[in-house]
Amino acid sequence: MTDIVLATLNARWSHASLGLRYLYANLGELQSRARIEEFTIATPLDQVVERLLEGAPGIIGLGVYIWNVERTTELIARLRKAAPAIRIVIGGPEVSHEVHGQPIVQMADHVITGPADLSFAVLARQLLDGPRPLMKVIAGVQPELDALVLPYAHYTDTDIAHRNLYVEASRGCPYKCEFCLSALDKTAWPFELDRILEQLAHLHRRGARRFRFVDRTFNLKAQTGRAILDFFLQRIEEAPDDPVFAHFELVPDHLPEALREAIVRFPAGALQFEIGIQTWNPDVQARISRRQDNARAENHLRWLREQSQAHLHVDLIAGLPGEDLASFGAGFDRLVALRPHEIQVGILKRLRGAPIARHTEAFGLHFSPTPPYQVTETDAISATDLARIERFARYWDLYGNSGRFVGTLPRLLGEAPFARFMAFSDWLHEHAQATHQLSLEARAEALLAWLTEVDDGDAETVTRLIAADYARSGAQGRPSFMARGLGLTDRDAGAVPERQARHLAVSEAAFFPPALPSVP
């Protein structure tokens, strides 16, 4: 019999939930009466219900996020019908703010807002042993980090072998960017460094090779960041044929020399940085309380691209209050000139509780009422243009970020990347009538058609570029235009994720022209 089930619907199976493992690790004497169940948002709900009810639990705790709230609401409705006596407790960022009026909150027995690491265990004891709490909404207590039992021992061997392992060296964020829930944090709190290094070493001994740090500001404290980078460097240098992949989120305008000294020693495929630029527009930055030295951020991105072998994934947000299409496009061009491996074009979302909501009336922000609550129109960008940017983002992911068209991309972007890719995006949407489920063959054929028929490019040159990209991707099919004899063999990427490996499969120096001048 299991008294407590901790569960969530992950976006993908490869994502192992760190939050569930924190709850489980800190259950104390209740841990032997609990289990973790993970699913994805694509898992049939009948299957989810059946597994959750195995062992007749008394409590089901569900993690609720922007990507799973609608599916989890439906899940709770089914659980209510199948086992009405079960106590359902929900928590997570989607139900930590603006809780009243949410259907999922109305259906649950209890909601823990904010940190639940220790508060869930307290509630579970009350529900199982009494006295039962009178309040439905319970404010989670911010724990002292030293008081937490760390969760990493509860990654299973299957997790370690096949999934991304999420770890953290700190919590919170000292910055106040209003589109982010971390704007509500007072500061960043570090875990004791030796405890983290010990846990990393244990995971590595068990065979873990893919680590993703969830810290908002990994590089904020150079000494801590350097110690963690040195940990991975030591393992890589001791066993260069047993690669490690580590992902960190960096503050773009802060890159101390101590971190640079370590970063340059990492081989290709071992290090990935997620870097949030979000907007280069200083007026918009000030409006949303984002402190960012653009010149330093630009210099750091250029240094990382030219002096390190780290994979760079950089974020931009469209639809911020007061930023028009021209400003966003100029920001995209400025970023393309710095040549990061991936540019994540996102659309502003109104996360529950995020301070960005204060600009709604003044800047004509209209948000979708359903998750992920994307902005659909502003007084600076029409609904039509925001829809175009959303399509642009999906196509950019297929062509720009996928690593499948590294050789052809400079030809496509030319000297006006945003304008040219937007023109291609508009044309592709008109002809394909789809932004998803485009096969690689269809993508290659469309790119060839646009570059030769619309853009009047030299057919032989363009065909060879696209054919070489297609062959290098490792795809098995052969588009009708493809010349024979251009196939290349992918290298063994080891721990490197497939998408990043594609960027490494060819020397980009052979294709990328010198960096374009920065936009002032």
Side-chain angles (χ1 to χ4, degrees), residues 14 268-269 272 305 309 311-313 332 336 339-345 391-494 496-513:
S14 61
Q272 175 169 289
R305 191 64 176 87
Q309 299 187 78
H311 185 96
L312 306 183
H313 176 110
F332 182 86
V336 168
R339 301 187 300 133
H341 301 87
E342 300 183 29
I343 300 173
Q344 186 69 45
V345 176
R391 291 195 297 269
F392 177 108
R394 292 173 181 171
Y395 288 136
W396 178 257
D397 207 44
L398 293 175
Y399 284 93
N401 291 340
S402 68
R404 294 191 182 276
F405 296 94
V406 173
T408 314
L409 196 59
R411 175 67 182 78
L412 173 60
L413 299 181
E415 296 187 359
F418 182 75
R420 285 179 59 82
F421 197 85
M422 181 62 86
F424 173 61
S425 172
D426 290 342
W427 176 89
L428 184 56
H429 178 67
E430 179 182 353
H431 286 76
Q433 293 297 310
T435 53
H436 299 288
Q437 298 179 334
L438 285 174
S439 69
L440 182 56
E441 289 87 348
R443 281 179 264 164
E445 295 276 10
L447 184 56
L448 176 66
W450 192 83
L451 286 174
T452 57
E453 299 171 16
V454 179
D455 197 46
D456 295 327
D458 177 71
E460 181 179 353
T461 301
V462 171
T463 299
R464 288 188 63 82
L465 283 172
I466 297 176
D469 276 338
Y470 187 90
R472 191 182 302 112
S473 74
Q476 298 302 309
R478 286 295 181 267
S480 59
F481 67 84
M482 188 169 174
R484 296 180 179 274
L486 291 175
L488 300 175
T489 302
D490 284 345
R491 73 184 189 89
D492 182 5
V496 184
E498 180 182 356
R499 182 146 144 169
Q500 287 84 339
R502 288 198 291 268
H503 286 274
L504 296 173
V506 62
S507 171
E508 293 174 284
F511 298 107
F512 272 99

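Computed over heavy atoms, backbone and side chain alike; hydrogens, waters and symmetry mates excluded.
- Closest of all the heavy-atom pairs between Ser425 and Arg391 is OG-C, 3.8 Å.
- Nearest heavy-atom pair, Phe392 versus Met422, reported as atom, atom and distance to 0.1 Å: CE1-N, 3.7 Å.
- The CG atom of Asp455 lies 11.0 Å from the CH2 atom of Trp427; values are rounded to the nearest 0.5 Å.
- Aromatic pair Tyr395/Phe421: centroids not less than 6.0 angstrom apart.
- Residues Leu465 and Leu451 have side chains not in contact (no heavy-atom distance under 4.5 Å, counting atoms from C-beta outward).
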Arg420 and Leu413: CA distance, side-chain angles, deciding distance, side-chain contact (heavy atoms from CB on, under 4.5 Å) verdict:
CA-CA 6 Å; Arg420 285 179 59 82; Leu413 299 181; 5.7 Å; no
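- Of all heavy-atom pairs between Ser402 and Phe405, the closest is OG-CD1, 4.5 Å.
- The shortest non-hydrogen separation linking Ala444 to Ile466 is CB-CG2, 3.9 Å.
- Leu438 and Ala432 get closest at one heavy-atom pair: CD2-CB, 4.1 Å.
- The NE2 atom of His311 sits 4.5 Å away from the CD atom of Gln272 when rounded to the nearest 0.5 Å.
- Paired with Thr452 under the rule side-chain contact (heavy atoms from CB on, under 4.5 Å), one option of Asp458, Leu447, Val462, Thr461 passes, and it is Val462.
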Please test Trp396 against Asn401 for side-chain hydrogen bond (donor to acceptor under 3.5 Å, both in side chains), starting from the C-alpha separation and ending with a verdict.
CA-CA 6 Å; Trp396 178 257; Asn401 291 340; 3.0 Å; yes
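- Between Arg472 and Asp469, at least one side-chain nitrogen of the basic residue sits less than 4.0 Å from a carboxylate oxygen of the acidic one, meeting the salt-bridge criterion.
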Criterion side-chain contact (heavy atoms from CB on, under 4.5 Å) on Trp450 and Leu412, from CA distance to verdict:
CA-CA 9 Å; Trp450 192 83; Leu412 173 60; 3.7 Å; yes
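- With rounding to the nearest 0.5 Å, the separation of CD in Glu445 from CG in Leu440 is 10.5 Å.
- For Val336 against Ile343, the heavy-atom pair with the smallest separation is CG2-CD1, 3.7 Å.
- A distance of 9.5 Å separates CZ in Arg394 from NE2 in His429, rounded to the nearest 0.5 Å.
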